[in-house]
Chemist: 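Please read through the structure below; I'll follow up with questions.
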Protein chains: 2
Amino acid sequence: MKSKSTSELKASIHRVEEICKSNKLGLTEIRKQVFEIIVKKNKPIKAYEILDKISNINNKPSHPPTVYRAIDFLIENGFVHKLNSINSFVGCFHPKAHKECYFLICKKCNIYQECCDDSLKDRISKTAIHNNFVISNTTLEIEGHCLDCSQK
Amino acid sequence: MKSKSTSELKASIHRVEEICKSNKLGLTEIRKQVFEIIVKKNKPIKAYEILDKISNINNKPSHPPTVYRAIDFLIENGFVHKLNSINSFVGCFHPKAHKECYFLICKKCNIYQECCDDSLKDRISKTAIHNNFVISNTTLEIEGHCLDCSQK
DNA sequence: ATAATATATGTTATGTTATAACATTGCAAT
DNA sequence: ATTGCAATGTTATAACATAACATATATTAT
């Protein structure tokens, strides 16, 4: 899997700023810091690792609620997703394009990739309908090895 | 969603006993107790709820590792699955029939249902192949409302 | 039968992940 | 200026999970 370039990262941050501006969402300093930490990491990141980084950036200890509240804001607005299988967070590279997001997560290099193709979405939707089930949210996390890592 | 009948529960427990016998897996007293607690609950159950029940059954306090080790054994052998999105455990009603297991989880009544149809499995597999990705394990948890609960 | 080995469990402590509850701040609207 | 509200700070603790080492129980080889 390819990691993101600096320009992609910048674009991603800029996009979030624009979306917040046009939707009147309060992208405060902390929320912006947390988002930047997450997208710059470019791999799934844990809440307490974000906490450490935030504390360093601001030269004063932050506390868990600060980080979790920022994460909540970012998730609510589709800028970040949580990977339940590894209790970690990742940036979303096409926020607002979808509500659900499916992931491939490489166990070796830890890089993740979104894989939200429509045929998969359709299939999940059909499965739900077939079971008379109304979906509110879906967790699909595929763990394994990416091409690079399975060749090594 | 329908909940399981007593006979289905008994059959499930018996099946696990048989599988363990024929595969020489040590289904110890505690492992059996934990499995029974999980299947009898018939809804996703938390580790510390199992811990309480185990302590009651045996009239002495048990400790987290005891429960988590039993759960590990049951998961390894496909008798139980973990729902990562809600940190809970559920019994598997057709162990050994599949490695991966997909779930529908009703947020209201909390009943869950396996939904491991082949077309879904195929679709996930194709998505992985398309991304040159080798799957080791998949988490698919669909949360929402079952028929009964969405009609209320 | 007995010692050696492996498997499982008990026990204590602690690590990791997440939230409750309430105080404080900063800013906007009246 | 005061009220209201959204965001943050702060303290404490809840909820989830494992490390490490001791003890017991079962299995096997002698």
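Below, chain A is the first sequence line, B the second, and so on; all start at residue 1.
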Chemist: Across the strands shown, which category fits A/Tyr48 at heavy-atom distances under 4.0 angstrom: base, sugar-phosphate, nothing?
Modeler: base
Chemist: I want to check one thing: is the phosphate of D/dT8, taken as OP1 and OP2, less than 4.0 Å away from some side-chain N or O of A/Thr66?
Modeler: no
Chemist: A/Leu147 and B/Ile129: same hydrophobic cluster, using ILVMFWY side-chain contacts below 4.5 Å?
Modeler: no
Chemist: Can you tell me how far C1' of C/dA8 sits from CD of B/Gln33, to the nearest Å?
Modeler: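 Value for this atom pair: 14 Å.
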Chemist: Scan side-chain atoms only and decide if B/Ser136 and A/Glu143 contain a donor-acceptor pair under the 3.5 Å cut-off.
Modeler: no
Chemist: Roughly how many Å is it from CG in B/Leu83 to C1' in D/dA17, rounded to a whole number?
Modeler: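 Going from CG in B/Leu83 over to C1' in D/dA17 covers 17 Å.
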Chemist: Check for a donor-acceptor pair, side chain of B/Glu8 on one end and backbone N or O of B/Ser5 on the other, with a separation under 3.5 Å.
Modeler: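 Yes, B/Glu8 side chain to B/Ser5 backbone: donor-acceptor pair under 3.5 Å.
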Chemist: Taking NZ from B/Lys24 and P from C/dA8, how many angstroms apart are they, rounded to a whole number?
Modeler: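 Those two atoms, NZ and P, are 14 Å apart.
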Chemist: Looking at B/Arg69, does any N or O in its side chain come under 4.0 Å of the phosphate oxygens OP1/OP2 on C/dT9?
Modeler: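 Result: no.
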Chemist: Return no unless some side-chain N or O of A/Asn87 is found under 4.0 Å from OP1 or OP2 of C/dT16.
Modeler: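 Indeed not, no polar side-chain atom of A/Asn87 lies that close.
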Chemist: C/dT9 phosphate, OP1 or OP2: any side-chain N/O from B/Thr28 under 4.0 angstrom?
Modeler: yes
Chemist: Is it true that a side-chain atom of A/Asn87 and a backbone atom of A/Leu83 form a donor plus acceptor pair closer than 3.5 Å?
Modeler: no
Chemist: In whole angstrom, give the distance that lies between atom NE2 of B/His63 and atom C1' of C/dG15.
Modeler: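 It works out to 18 Å between those atoms.
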Chemist: Mark yes when over 12 heavy atoms from residues, nucleotides or ligands other than B/Lys41 sit less than 6.0 Å from its NZ; otherwise mark no.
Modeler: yes
Chemist: Among D/dT10, D/dT18, C/dA8, which nucleotide has an atom closest to any side-chain atom of A/Pro65?
Modeler: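 Of all the options, the side chain of A/Pro65 is nearest to D/dT10.
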Chemist: Expressed in angstrom and rounded to an integer, what is the separation of A/Tyr68 atom OH from D/dT10 atom C1'?
Modeler: 17 Å
Chemist: Tell me: CG of B/Asp72 to P of D/dT18, nearest whole Å?
Modeler: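 Rounding to the nearest Å, CG of B/Asp72 and P of D/dT18 are 7 Å apart.
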Chemist: Take atom CD1 of B/Ile50 and atom P of D/dA17, then tell me their distance rounded to the nearest Å.
Modeler: 10 Å
Chemist: Give the rounded distance in Å between these two atoms: CZ of B/Phe89 and C1' of D/dA15.
Modeler: 12 Å
Chemist: Below the 4.0 Å mark, does D/dA15 have OP1 or OP2 next to a side-chain nitrogen or oxygen of B/Lys46?
Modeler: no
Chemist: Using heavy atoms to find the nearest nucleotide of DNA chain D for B/Lys82 and A/Pro64 separately, return the residue whose nucleotide is more 5′.
Modeler: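 First, find each residue's nearest nucleotide; the 5'-ward one identifies A/Pro64.
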